[in-house]
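Order of the sequence lines sets the chain letters (A, B, ...), proteins ahead of strands, with each chain counted from 1.
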Amino acid sequence: MERSLIKDVLAEQRFGEPSRVCGWVRTKRESKGFVFLALSDGSSQDTLQIIVFPEAPAFRELHRCNTGAAICAKGILRESPAKGQSIELEATDIVVVGEVDQATYPLQKKGHSLEFLREIGHLRPRTNTFGAVFRLRNILAAGVHDFFQARGFLWVHTPIITSSDCEGAGDLFTVTTLDLRNVPKKDSGEVDFSGDFFGTRAYLTVSGQLEAEFLALSLGRVYTFGPTFRAENSNTTRHLSEFWMIEPEMAFADLDDDITLAEEFFRFLCREVLEKGHRELSFLESHYKKISCDELRKLAETPFVRMTYTDAVRELRAANERFEFPVSWGSDLQSEHERYLTDKVVNGPLVITDYPKEIKAFYMKQNPDGKTVAAMDVLVPKVGEIIGGSQREDRLDVLAQRMSEVGISIENLRWYLDLRRFGTVPHAGFGLGFERLVQFVTGMANIRDVIPCPRAPRAIRL
RNA sequence: UCCUGGGUAGCUCAGCCGGCAGAGCGGGUGGCUGUUAACCACUUGGUCGGGGGUUCGAAUCCCUCCCCAGGAGCCA
């Protein structure tokens with residue numbers, strides 16, 4: 001008999017029909033006259049209840065059907081007479097596929113702390129919580145593609161290994177095949193990469209934006225969705241060394257178009273997750289109380305509040321609030337400032353625009369005032385910055401001038417300047433940290449709990 | 001990297017102004033005619049993070065290293 005997914009069995013409610021399901025036992029509850037199993041196969045948040053009576057051949061296998069065991073159960077679907085579920089499988093036959101030694105199996109029926117589950121990353125997807133998180137992550141990932149594909153954006157694949165080290169001054173991972181026991185050095189004492197695999201120093205990418213720009217300036221509308229890497233020694237609940245980023249880039253677009261895109265994108269994903277991940281959201285809401293479906297529904301409907309950096313500074317200086325760090329025009333907003341604005345002033349997502357050029361990247365378009373750039377950050381309550389974007393500087397002379405001001409080699413980025421030399425066009429885009437989005441939607445407090453194998457300083461166990 | 005709090009049974013934690021290593025949960029065994037992270041009874045379980053020091057005696061006090069969590073910086 002063909003195997004059914006528990007998701008379908010629960011949805012279709014085919015009482016009286018035969019069925020065969022396979023999965024892992026969550027709990028076993030034994031009485032004298034019958035035994036209940038709760039079975040999960042990962043296809044849904046809900047388990048399927050299996051009942052076994054002593055007369056059934058399956059009964060003889062029950063001593064091996066402990067928490068965590070992999071089994072296939074065959075029987076007839078019945079209407080459940082008790083509260084808690086409407087359908088259950090009355091099993092006639094059970095095949096134990098993989099047994100579990102109860103004494104050493106780390107997952108028990110009772111809940112575990114997220115910290116403990118982080119130590120057993122290969123088993124934590126079997127829990128309610130991580131099953132919910134990873135199913136929601138999938139809904140969001142699929143939603144990203146649905147959103148952009150429906151709007152004529154091309155998914156482009158920018159490189160993971162790159163020679164470009166100039167996007168911000170962030171720390172990069174070096175990729176090398178040099179013999180680490182005998183590293184060649186120049187006379188100056190610096191490492192000589194000329195004999196390395198690529199003949200020059202190579203890195204793991206920190207962003208696909210620069211490459212996405214040349215693709216947008218030929219294909220029109222593109223987006224990247226792939227892994228990026230930061231070697232920063234950040235130990236926080238919001239940072240990973242390896243994370244997935246989404247970076248759309250649009251030709252013939254300005255900052256306003258960029259913000260509109262970001263807003264529609266974010267709200268679309270809220271709707272997707274409400275529609276397709278309702279059971280998962282409800283579970284997380286009831287167990288962690290960090291996110292609510294009502295909240296997401298509201299977000300899916302209300303427009304973002306827009307505020308210039310200058311206005312934000314004015315708002316913060318007028319605030320009747322003691323900040324640890326002073327607020328002054330020209331310095332970047334601190335976490336506490338952002339949190340005050342999102343949680344107390346607007347109580348929802350906020351877009352801050354037109355930052356001072358000194359605190360933003362060299363490629364952002366300078367505004368007519370000569371002091372600010374056409375940049376935008378989307379801040380959401382609890383998580384903070386989730387999207388950072390800008391209109392790009394499309395004037396050759398202004399861009400070249402800015403690059404020399406901040407000390408970026410024009411020689412290495414000749415190709416990037418070519419885009420302004422040959423058929424330049426106003427264009428804009430943004431970057432969204434996928435894990436922060438998953439974090440926001442699931443309400444998980446630590447970003448390490450929304451990716452299967454989190455990478456962070458001194459953390460690469462699994 | 002900095003600040004703060006932690007590390008004791010498989011898990012969650014109590015014990016910490018020095019004096020016999022504890023509880024709940026889990027695991028095991030038995031019971032129970034519709035259970036829902038079932039329930040009841042009995043039972044099992046320890047390198048007190050590692051190393052060093054003080055002391056008659058250290059889970060407890062001191063030094064040091066490692067690890068974990070939260071906050072900060074950096075950012076997405």
Side-chain angles (χ1 to χ4, degrees), chain A residues 26-38 40 46-54 63 66-68 78-85 88 90 100-120 127-129 167-171 206-209 227-247 262 283 287 323-325 331-336 338-339 359-361 377-380 383-389 430-440 445-449 456-459 461:
Chain A
R26 277 277 170 74
T27 64
K28 177 166 69 171
R29 295 181 291 274
E30 296 175 278
S31 310
K32 198 176 182 182
F34 38 80
V35 173
F36 293 108
L37 300 175
S40 164
D46 298 300
T47 53
L48 177 65
Q49 173 156 288
I50 294 172
I51 183 165
V52 187
F53 292 103
H63 68 282
N66 295 314
T67 302
R78 305 282 189 206
E79 198 166 353
S80 181
K83 277 179 269 180
Q85 62 284 314
E88 65 191 17
E90 185 185 322
V100 158
D101 171 23
Q102 290 301 288
T104 52
Y105 187 58
L107 293 175
Q108 52 190 50
K109 289 189 260 186
K110 296 269 179 182
H112 290 288
S113 69
L114 296 173
E115 291 82 0
F116 171 66
L117 292 172
R118 254 169 242 155
E119 294 171 16
I120 46 168
T127 63
N128 282 328
T129 297
E167 217 265 324
D171 297 320
V206 295
S207 162
Q209 182 202 310
T228 51
F229 308 87
R230 305 279 165 93
E232 276 136 25
N233 191 11
S234 317
N235 289 287
T236 78
T237 55
R238 308 179 305 285
H239 290 86
L240 291 167
S241 309
E242 174 182 303
F243 64 100
W244 286 61
M245 192 147 65
I246 297 147
E247 296 173 291
F283 173 83
H287 279 71
F323 293 118
E324 191 187 337
F325 295 92
S331 56
D332 216 347
L333 300 178
Q334 305 290 316
S335 294
E336 56 172 345
E338 295 181 349
R339 206 172 305 118
I359 59 172
K360 287 292 180 185
D377 282 358
V378 178
L379 312 177
V380 294
V383 173
E385 184 178 343
I386 197 167
I387 291 175
F430 62 77
L432 175 141
F434 186 56
E435 281 74 20
R436 289 200 181 163
L437 175 73
V438 180
Q439 216 188 336
F440 180 77
N446 192 316
I447 200 165
R448 298 179 191 197
D449 295 333
R458 309 187 66 82
R461 259 189 301 240

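- For the OP1/OP2 pair of B:C67 and a distance below 4.0 Å, the side-chain nitrogens and oxygens of A:R458 include at least one atom meeting the criterion.
- For A:S80 and B:G34, a side-chain-to-base donor-acceptor distance below 3.5 Å is present, hydrogens and geometry of angles not being considered.
- The residue A:R339 sits close only to the backbone: its heavy atoms come under 4.0 Å of sugar-phosphate atoms, none of a base.
- Within 4.0 Å of A:E88, counting heavy atoms only, lies at least one base atom of the nucleic acid.
- With centroids closer than 5.5 Å and planes inclined by less than 30 degrees as the test, A:F243 and the base of B:A76 pass as a stacked pair.
- Within the nucleic acid shown, A:R238 comes within 4.0 Å of at least one base atom, counting heavy atoms only.
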Exercise. Would you mind building the protein contact string for nucleotides 1-11 of chain B? One character per nucleotide, 5' to 3', B for base within reach (heavy atoms under 4.0 Å), S for sugar-phosphate only, - for untouched.
Key: B--------BS
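- A:I51 comes within 4.0 angstrom of a nucleotide base, judged by non-hydrogen atoms across all strands.
- Considering only side-chain N and O atoms, A:S31 lies nowhere under 4.0 angstrom from the phosphate OP1 or OP2 of B:C39.
- Heavy atoms of A:T228 sit nowhere under 4.0 angstrom from any nucleic acid atom.
- Within 4.0 Å of A:E435, counting heavy atoms only, lies no atom of the nucleic acid at all.
- Residue-level contact check: A:Q334 touches the backbone only, with heavy atoms under 4.0 Å from sugar-phosphate atoms and none from bases.
- Nucleic acid contact class of A:E324 (heavy atoms, under 4.0 Å, all strands): none.
- Residue contacts for A:T27: at a heavy-atom cut-off of 4.0 Å it reaches the sugar-phosphate backbone alone, with no base atom in range.
- Donor-acceptor pairing under 3.5 Å is lacking for the side chains of A:R458 and A:N235.
- With hydrogens and angles left out, the side chain of A:E30 and the base of B:U35 share no donor-acceptor pair within 3.5 Å.
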